[in-house]
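Worksheet: one structure, shown below.
Residue numbers begin at 1 in each chain, while the letters A, B, ... track the order of the sequences. Model, not experiment: these values are computed from the prediction.
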There are 2 protein chains.
Amino acid sequence: MDQVTIKDVAKEAEVSPSTVSRVISDSDQISFQTKEKVKNVMKRLGYQPNAIARSLVNQRCNSLGLVMARPTDRALANPFFTDIIQGIAAGTQRENYSLMLATAESYQRESEEVLNLVKTRQVDGLILMASRTNGELINNLTKENYPFVLIGRSQKYSEIPRVDNNNIKAVKDAVTTLLSLGYRDIVFLSGPKDFVVSQDRLQGYREALLEAEIPFRPELINYADFSYEAGFKKARQLFSNYQQNIDLVFGADDLLALGALRAAEERGWQVPEDIGIIGFNDTPAASLVHPGLTTIKIPIKKMGEKAAQMLVKIIEEESYQGEEIIIPTEIVWRESTAQKE
Amino acid sequence: MDQVTIKDVAKEAEVSPSTVSRVISDSDQISFQTKEKVKNVMKRLGYQPNAIARSLVNQRCNSLGLVMARPTDRALANPFFTDIIQGIAAGTQRENYSLMLATAESYQRESEEVLNLVKTRQVDGLILMASRTNGELINNLTKENYPFVLIGRSQKYSEIPRVDNNNIKAVKDAVTTLLSLGYRDIVFLSGPKDFVVSQDRLQGYREALLEAEIPFRPELINYADFSYEAGFKKARQLFSNYQQNIDLVFGADDLLALGALRAAEERGWQVPEDIGIIGFNDTPAASLVHPGLTTIKIPIKKMGEKAAQMLVKIIEEESYQGEEIIIPTEIVWRESTAQKE
DNA sequence: ATTCTTTATGCAAACGTTTGAGCAACAATC
DNA sequence: GATTGTTGCTCAAACGTTTGCATAAAGAAT
C-alpha cells in the first residue's frame with residue numbers, strides 16, 4: 001500500500017536517486033554493474049515509478065482523452081460505441097499511452113468536458129467523435145494548436161486530422177451493384193437531415209442513379225430518426241403508398257433497414273423475393289434476423305486504432321500535423337438481397 | 001497552449017501563490033476582497049489548476065480505473081460492455097472523478113494491466129469485471145487493502161465490495177411465473193459451465209422446479225457457448241430429439257434464446273403457440289426480432305453507476321469498507337411467451 | 001609530475017501544487 | 001500601555017520524479 005519511491009531504492013542500493021532514475025531510462029552514463037545492482041533492488045522492493053511525478057516534470061502525462069456524448073439517442077450510439085472504444089483502447093495501449101474516458105450528458109456539455117480535460121492537463125491530446133461535434137470547440141483547439149483527432153467528418157472543417165470512412169462512395173458502390181443485380185426502384189430511408197452521415201449517404205445514392213442514368217424519384221427519399229420504430233413506420237407507409245413501384249429499401253442505418261424488414265413481414269411480403277432490403281453498419285442484429293440483412297460494414301475498431309495511433313504521432317512528432325485517413329468499407333451480402341431475374 | 005500557473009495568477013493579483021491556492025479551495029482565511037480580486041485574475045488569465053501537480057501533493061489523483069478484457073468472445077461482452085461503461089462513466093463523473101479505461105487482450109494480461117495502473121498510481125481505485133476475474137489478483141488487492149469494487153460475482157470471494165444482480169432469484173422467479181402460465185417442460189439452455197453466471201442461472205431454474213414439485217429432467221439441461229450459432233445448433237438438436245415433450249426454451253442469454261427462436265422457425269413451429277422462448281439480458285436485438293423475445297433485464301447502467309459511487313466512498317471514507325449491492329432485475333414480457341390455456 | 005580525457009556518479013533545481021507554521025497588523029481586554 | 005486574540009496573509013517544505021551541471025576517480029597523454 002505504501003509507495004516505494006525512487007529514494008527508497010536509492011538508499012537500499014547505496015546510490016543517489018538520479019542514478020536510479022538513469023537506470024530506469026537505461027542511460028549509458030551508468031555502468032553495467034550499477035545497473036544490475038539497482039535493477040535487483042527495484043525488483044526486490046517492487047518499485048514502480050510514480051506516473052504522476054513523472055508527468056509533472058516531463059510536462060506530458062502519456063494519456064489520451066476520449067470524450068463522448070451519451071445523449072438519449074442510444075440506438076445510434078450503441079454498436080458504434082462499443083467498437084470504437086475497443087479500437088481506441090487497443091491503439092492507445094499499443095502506443096503505451098493510457099486512455100481517459102469522459103462522457104457528457106449532452107452535446108453541449110461535451111465541450112465543457114473536453115476543455116476541462118485539456119486545461120487541467122490530464123491528457124496530452126484528444127479523440128473527438130464527429131457526430132455533431134461543436135464547431136467552436138474544434139476551432140479553438142485548432143487555434144491553440146492542441147493535439148486532437150476527429151473520428152468521422154465535420155462538414156465545416158475539412159483540413160483537420162481525422163479518420164473516417166467514405167460514406168458517399170460506400171453507398172454509391174452498393175447502389176451501383178444493386179442496380180446491376182436488377183433492382184431499379186430503390187427507396188432511400190435516410191437518417192435525420194442535419195447529420196453529415198445522412199447527407200453523405202444520400203449523396204452516394206444520387207450519384208449512383210445519376211451515373212446509371214436512372215431517373216431520380218424524389219418521393220423515394222424519406223427521412224426518419226435512426227431508430228427501429230421510425231424505420232418501421234416510414235416503411236409501412238411507403239409500402240402502402242407505392243407498392244407497385246418499389247423493389248428495394250436502402251436503410252441509411254441497420255435499424256432503419258430492420259424496421260423496413262419488419263414492415264415487409266407484416267405486409268406478408270417475402271424478402272428478398274418481393275422486396276430487397278439493405279442496411280448500413282453491420283449491427284450485430286443484422287446477422288441475427290431472418291432473413292439475414294445485407295449491409296455495409298465499417299471497420300470501426302480499426303478506425304479507433306488508427307485514430308489513437310495518429311494522435312500519438314501528432315503529440316510526439318513535432319513536425320507531424322496529422323492527416324486524413326479514409327478506411328474502406330465492405331458490403332456484407334446476406335439473404336435480404338438477391339439477383340433479380 | 002502555454003500553461004497558466006498559480007504563480008502567474010499570484011503575480012498578477014499581487015498576492016502569494018498560497019493565497020491563490022486558498023482562494024481555489026475557498027478557505028475562510030482569505031478575505032472577501034482578496035478572493036474576488038484573485039478570482040477575477042483567474043478568470044482573466046483562464047487559469048485552471050494543473051491536475052497532475054495537485055495529484056502529486058495530495059497523493060490522490062481523483063481518478064478511477066476500469067480494466068476490461070477484450071477477448072474474442074465479443075458476443076457476450078457486447079451489449080454489456082456499452083451499458084456498463086456508460087453507467088460507470090456517469091457515476092464517475094457525478095463524483096467528480098475521471099475514468100481511466102484499460103483493456104487487455106486476454107484475461108491473463110488483465111491482471112498485468114491492473115497492477116500497472118495501481119503501482120504507477122494512475123488511479124485511486126479499481127472497478128473490476130467479475131466474469132472470470134483472476135482470483136489471485138483479487139486476493140492481492142484485498143491483502144494490500146487497495147480500493148476496488150467488483151461488478152458481478154466471483155464464486156470464491158464473497159465478502160467483497162461488489163455490485164451485482166441476483167441471477168439465481170431472477171431465473172427462479174421467471175420460471176415460477178412461467179410455470180404458472182402453464183409451461184411445464186422447460187429446456188434450459190445454459191452458458192458454459194465454468195461461468196458463475198451459468199451456474200447461478202441454472203440453480204435458479206432448479207430451485208423453481210423443486211419448489212413447484214415438478215420432476216427435474218436432466219436431459220433438458222444443455223450447455224452451449226454464449227453465441228447465436230451455439231444456441232441455434234443446440235436447439236435444433238433438442239427439438240428433433242424431444243419434440244413431443246418440451247414447451248419452452250429458457251436461454252441463459254438472449255443470444256442463445258435467439259438461436260432457439262431461429263431453430264423453431266426453421267422447424268416451422270409457431271412461437272409462442274407451439275413453443276415458448278425466453279432469454280436473459282434484454283439485448284437490443286431482443287426487441288427487434290419477431291416475435292419479440294421475452295427476457296430478463298438487468299439494469300446494467302445503474303450497476304455501473306453504483307459501482308463507481310461505492311468505489312469513491314471507499315476511497316474517501318476511511319472507515320467505509322464497501323458492501324454488497326444487489327440490483328433487482330425485471331422480466332420484460334414480449335410475444336415469445338404467452339398464457340398457455 | 002602535471003595536465004587532459006573519460007567515465008560514473010552525485011547535487012540541486014525544477015515541474016505546479018498544497019498546507020502547517022509563522023508573522024505582521026490591528027482590535028479588544030484589563 | 002502591556003497583554004492577548006483575531007484576521008489575513010506569506011514562507012518554505014513537501015509530493016516523486018528528471019536532468020543540467022559539477023565533480024571525483026582513474027587512466028592517458030604530455
message: Rounded to whole Å, how long is the line connecting atom CG of B:L56 with atom P of C:dT18?
response: 12 Å
field: Residue whose closest nucleotide on DNA chain D lies nearer the 5' end, B:V15 versus A:N58
entry: B:V15
query: Using a cut-off of less than 4.0 Å, is there contact between a side-chain N or O of A:S18 and OP1 or OP2 of C:dC11?
result: no
- line: Rounded to whole Å, the CZ-C1' distance (B:R60 to C:dT18) equals 14 Å
- request: Could you check how far CG of B:N62 sits from C1' of C:dG16, rounded to whole Å?
  value: 16 Å
task: Among B:V15, B:T5, B:D8, B:I30, find the one that has a side-chain contact (heavy atoms from CB on, under 4.5 Å) with B:V20.
output: B:V15
query: What does A:S25 touch in the nucleic acid at a heavy-atom separation under 4.0 angstrom: a base, only the sugar-phosphate, or nothing?
result: nothing
Whole angstrom value for the distance that separates P of C:dG10 from NZ of A:K7: 15 Å
statement: Here the distance between atom P of D:dG16 and atom NZ of B:K119, to the nearest Å, is 15 Å
message: Treating A:Q93 as the side-chain partner and B:T103 as the backbone partner, does any N or O pair qualify as donor plus acceptor under 3.5 Å?
response: yes
message: Between D:dC9 and B:Q29, counting only base atoms on the nucleotide and side-chain atoms on the residue, is there a donor-acceptor pair under 3.5 Å?
response: yes
- request: May I ask you to say what A:F32 touches in the nucleic acid, namely base, sugar-phosphate or nothing, with a heavy-atom cut-off under 4.0 Å?
  value: nothing
field: Residue-phosphate contact under 4.0 Å: B:T19 side-chain N/O, D:dT10 OP1/OP2
entry: yes
- request: For A:Q122 and C:dT17, give me the distance from atom CD to atom C1', rounded to whole Å.
  value: 14 Å
task: Could you check which of D:dT18, C:dC15, D:dC9 has an atom nearest any side-chain atom of A:I24?
output: D:dT18
message: Donor-acceptor pair, distance only, cut-off 3.5 Å: does the side chain of B:D124 make one with the backbone of B:N62?
response: yes
task: Indicate whether any N or O donor in one side chain lies under 3.5 Å from an N or O acceptor in the other, for A:S18 and A:S16.
output: yes
Nearest heavy atoms of B:Y146 and B:V123, plus distance in Å: OH-O, 3.0 Å
query: Of B:V57 and B:D28, whose nearest nucleotide on DNA chain D comes first from the 5' end?
result: B:D28
message: Could you check whether any side-chain N or O of A:N165 sits under 3.5 Å from a backbone N or O of A:I327, counting only pairs where one atom can act as donor and the other as acceptor?
response: no
message: For a quick test of reading the model: is some side-chain N or O of A:T5 closer than 4.0 Å to OP1 or OP2 of D:dC15?
response: no
message: Is A:S16 close enough to C:dG10 that one of its side-chain N or O atoms is under 4.0 Å from OP1 or OP2 there?
response: yes
Donor-acceptor pair (no angle test) under 3.5 Å: B:R22 side chain, D:dG8 base: no
- request: In whole angstrom, give the distance that lies between atom CG of B:D26 and atom P of C:dT19.
  value: 14 Å
query: Reckon B:S31 touches a base, only the sugar-phosphate, or nothing at all at heavy-atom distances under 4.0 Å?
result: sugar-phosphate
- prompt: Within the structure, does a side-chain N or O atom of A:R54 lie under 4.0 Å from either OP1 or OP2 of D:dT18?
  reply: yes
- prompt: What are the two closest non-hydrogen atoms of A:N50 and A:Q3, and how far apart are they?
  reply: ND2-NE2, 3.1 Å
task: Would you mind reading off the distance between B:Q33 atom CD and D:dT7 atom P, rounded to a whole angstrom?
output: 14 Å
- request: Return the angle between end axes of the helix from C:dA1-D:dT30 to C:dC30-D:dG1, with five pairs used per end and rounding to 10°.
  value: 60°
query: Quick one: is C:dA14 close enough that its OP1 or OP2 comes under 4.0 Å of any side-chain N or O from A:Q59?
result: no
field: Any donor-acceptor N/O pair, B:K39 side chain to B:V23 backbone, under 3.5 Å
entry: no
